[in-house]
Amino acid sequence: MNAATMSDSSSVANGPKSEIYEALTSIRLIDPHSHINPHSPASTTLADVLGYHYYTELAHSAGMPKSQIEDKAIGPKELVERLVGGLQPLENTAQYSWLIEICRTFFGFEEDRLHLNNWEALYDRSESIMASAQWSETVLDQSNVQAVFLTNDFDDALEGFDTETYIPCLRTDDLVFHLAKPEVRGRLAACTGIELDGSLESLRSSLKQRFEHFVSRGARACAISIPPTFTPTPVGDGRASTALNAVLQQGISADASHRDALARRVFWTLAELCDEFGLPFDLMIGVNRQVYPEGVFQGQDLYDSRVSLIQYRELFNSFPNVKFPVSVLASVTNQELVSYAWIFPNVITNGHWWYSNTPSFIARDAAARLEAVPQTKQIGYYSDAYKLEFIWPKFDMYRKVLSGVLADQFVSDRGWSVERAVELGRKVLRDNVEEIFPLPKGATNSSSEEASGEDADSPSTGVESLGALGVATAVAGVTEVLDFGSTLAVEEPQQAETDSNELESLDVDALPADEEVQELGVDDVELLDDTTASETSAEQLDSLVDDEPLDVGNLLDDESPSEPITQLRGESSFSPDDDSLQLESDPNTGEFTLPVSDSDDDDIIITESENIAASSDESPAERTDPTAETVEELEEFDLDFLSDDDEPAKES
């Protein structure tokens, strides 16, 4: 049964609402929040369906003892029998309609009520159907679902499943609110390899390592469920350090003020890391835990009206580049959420959560959002499901309500065409999920890793790792990579050699920026020494040493004085005084030198007998007047090269 067939069985009135609904059912969905276990995503027995907390808490509320529901001694079939026996009081609820729709859609159930006279045949038939090895894929296909966001503990290894179908999401409740518990700190140290040593650096490093781990495996968001009493504000280093050390030393016995300060510091650090890694911070605001401690599992938590988004004003103002999809537990908070999404560019309305997830509240809240919040800032719905079978009926409930709102308020009241209304429905149902939760930089997915492994032995074009680049050209082989969306179209080179003119025309950035390198997803340049290691032995090195040492002269021993230093101009002695130390310009060459004189009265004395630079064949004039040769050369110098323009200057 495909999506179109399932929609035929839905009771949607004819007219614009029916047309819109039919069009919305054809949209392949991405569920932006669930509690699906990717290792066991679909149900194995009807007990997995009826064990959903909605049915156990409603059955308990209607009078079934908790001990009958949470009896560990009974098997799945007996549990279903007990729960079916308590279903009659629930037949009026929206949750009961989900159950009947699941049984009809996936198990061929043809009745409109499940009771003690027909449950067993349904149980056996459904168990046989669910035993199929492809059951999870069948449910996704019949539900027209492409991908599902998960809720992953911070220490999840994120291995063993397809992260394109089951998209990881970092859930951080334990890190923020339960770091005082030794077991939580132990889990953090085990998965990061970083022990909290009391320094804020160790705390941030461990949190950052978790972001690196999740982002590298395709995570699209960081998420947290927050009590109404919590107000996220920054905490100074001194106060945070004191709180961290108190928690490390005293654990859950630490003063509440220390635990609160540490929770706010961890939360603020998570927001900083969302900013750094480009992850949206998914906030689910307003749940009080264990209001009813005697309730069944997951049937103990409620909201109250003390929560206000004014508590988040500093957060929203401090991180303008972080997207905050916000879910509120109660419909009474929806108007405030609409107003914040109206004003803040980074606040996004997100789904209809828990106690607001019934048709009447959805209709009112969705209408308020559609008429007041920019259409690009709304995530229409998420399933919050624990098993895949629930995605279809829950989304179908929303589609019916959304179709009515679009038909009444946009087609009927505003005169929109059905096609235009459908486009608005498509945007809040699917398009915005992809825009608000994009694949972050540096992320990988399991399918790409498997593909790279399969093609490891095949010839490489050298461009597989370029990623979303628009249009890029690889110089080696001039292989073009054209990227439109997420699919790469590779054109193989027509010839091995490329004309130099073509290479010159390529727009190649010789020094790309860090952001460009990160976008490419290519490792930076790594220089490797591929030379072979030398195997020269000590004996070989010794044979290379000269037998006679190099003669460097008498550097340290003064007993054998070295040859006397020869003066530059053949001077025999030099006695400096104030006059002789003054540099003088040579009248012929312009060179600055110390004054030299052959007079007996001068400090610098030159004698013929000690002038070792003079030749015995030289004339006395040449020996006593070192400038004679220069003067002779000047007399022979031809000045005819001077231009006529210089002559007036000479005359003047």
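All values below were derived from every heavy atom in this structure, side-chain atoms included, with hydrogens, water molecules and symmetry-related copies excluded.
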* Asked: Is a side-chain donor-acceptor pair under 3.5 Å present for R289 with S225?
  -> yes
* Is the shortest heavy-atom distance from the side chain of I129 to the side chain of F106 under 4.5 Å? -> no
* is_close_aromatic(F161, H39), centroid dist under 6.0 Å -> yes
* So do R369 and L337 actually touch side chain to side chain, heavy atoms under 4.5 Å? -> yes
* Structure fact -> So CG of D112 and CD of E91: to nearest 0.5 Å the spacing works out to 8.5 Å
* Say you draw a straight line from CD of Q311 to OG1 of T231; how long is it, rounded to the nearest 0.5 Å? -> 4.0 Å
* State, to 0.1 Å, how close L170 and F154 come at their nearest heavy-atom pair, and which atoms those are. => CD1-CA, 3.7 Å
* **With Y52 via side-chain hydrogen bond (donor to acceptor under 3.5 Å, both in side chains) - residues at least two apart** => K394
* Asked: Roughly how far, to the nearest 0.5 Å, is CD of E57 from CE of M64?
  -> 13.5 Å
* To do: Tell me, please, which residues at least two apart from F297 pass side chain to side chain contact (heavy atoms under 4.5 Å, CB included).
  => E70
* **side-chain hydrogen bond (donor to acceptor under 3.5 Å, both in side chains) involving E111 - partner list, sequence neighbours excluded** => N118
* To do: Report yes or no: do Y355 and D301 form a side-chain donor-acceptor pair below 3.5 Å?
  => no
* So, N144 side chain and T25 main chain: donor-acceptor pair closer than 3.5 Å or not? -> yes
* Asked: Is there a side-chain contact between R82 and I69, using heavy atoms and a 4.5 Å cut-off?
  -> no
* To do: Evaluate the ring planes of Y398 and Y381, with Trp represented by its six-membered ring, and classify them as parallel (under 30°), tilted (30 to 60°) or perpendicular (over 60°).
  => parallel
* Side chains of H178 and D173, donor plus acceptor under 3.5 Å -> no
* **Distance-only polar pair, side chains of N334 and R364, donor-acceptor under 3.5 Å** => no
* Asked: With L429, which of I30, L29, L424, I379 fulfils side chain to side chain contact (heavy atoms under 4.5 Å, CB included)?
  -> L29
* Asked: Do any N or O atoms from the side chain of S40 and from the backbone of N37 form a donor-acceptor pair under 3.5 angstrom?
  -> no
* To do: Please check if atom CD in E110 has more than 12 non-hydrogen atoms from other residues, nucleotides or ligands closer than 6.0 Å.
  => no
* Quick one: ring pair (Phe, Tyr, Trp, His ring centres under 6.0 Å) pairs with a partner in residues 63-95, sequence neighbours left out? -> none
* Any residue meeting side-chain hydrogen bond (donor to acceptor under 3.5 Å, both in side chains) with S308, in chain and number order, not counting sequence neighbours -> E336
* Would a distance-only check, ignoring hydrogens and angles, find a side-chain to backbone donor-acceptor pair under 3.5 Å from R399 to Y21? -> no
* Is there side-chain contact between R210 and C191, with heavy atoms separated by less than 4.5 Å? -> yes
* Considering residues at least two apart in sequence or located in another chain, which fulfil the side-chain hydrogen bond (donor to acceptor under 3.5 Å, both in side chains) criterion with Y292? -> H60
* Flag the pair T45 / V80 as yes when at least one side-chain heavy-atom distance between them is below 4.5 Å, and no otherwise. => no
* Asked: Would a distance-only check, ignoring hydrogens and angles, find a side-chain to backbone donor-acceptor pair under 3.5 Å from D31 to S383?
  -> yes
* Under 3.5 Å, side chain of R430 to main-chain N/O of I27, donor-acceptor pair present? -> no
* Rounded distance [0.5 Å steps], CG in L114 versus OH in Y123 -> 13.0 Å
* To do: Could you tell me whether the side chain of T165 reaches within less than 4.5 Å of the side chain of Q146, counting heavy atoms only?
  => no
* Kindly indicate, with the supporting measurements, whether the criterion ring-ring contact (aromatic ring centres under 6.0 Å, His included) is fulfilled by Y382 and W353. => CA-CA 8 Å; Y382 53 76; W353 183 33; 7.8 Å; no
* Rounded to the nearest 0.5 Å, what separation is found between the NZ atom of K387 and the OG atom of S136? -> 8.0 Å
* To do: Verify side-chain hydrogen bond (donor to acceptor under 3.5 Å, both in side chains) between E389 and S43, making sure each step is shown before the conclusion.
  => CA-CA 7 Å; E389 290 85 356; S43 300; 3.0 Å; yes
* Asked: Taking the side chain from R185 and the backbone from L179, do they hold a donor-acceptor pair closer than 3.5 Å?
  -> yes
* Asked: Going by atom types only, do D304 and N288 share a side-chain donor-acceptor pair under 3.5 Å?
  -> yes
* Check whether the ring centres of F230 and F267 lie less than 6.0 Å apart, and answer yes or no. => yes
* Asked: For the ring pair W354 and Y303, is the centre-to-centre distance below 6.0 Å?
  -> no
* Does the ring center of Y386 lie less than 6.0 Å from the ring center of H35? -> yes
* Asked: Do Q142 and W392 have side-chain atoms, one donor and one acceptor, less than 3.5 Å apart?
  -> no
* Asked: Are side-chain heavy atoms of L150 and H33 found at a separation under 4.5 Å?
  -> no
* If you take all heavy atoms of L122 and C103, which pair is closest and at what distance? -> CD2-SG, 3.6 Å
* Asked: Is a side-chain donor or acceptor of S327 paired with a backbone partner of N350 at a separation under 3.5 angstrom?
  -> yes
* To do: Measure the shortest side-chain to side-chain distance between E120 and K77 over non-hydrogen atoms and say whether it is less than 4.5 angstrom.
  => yes
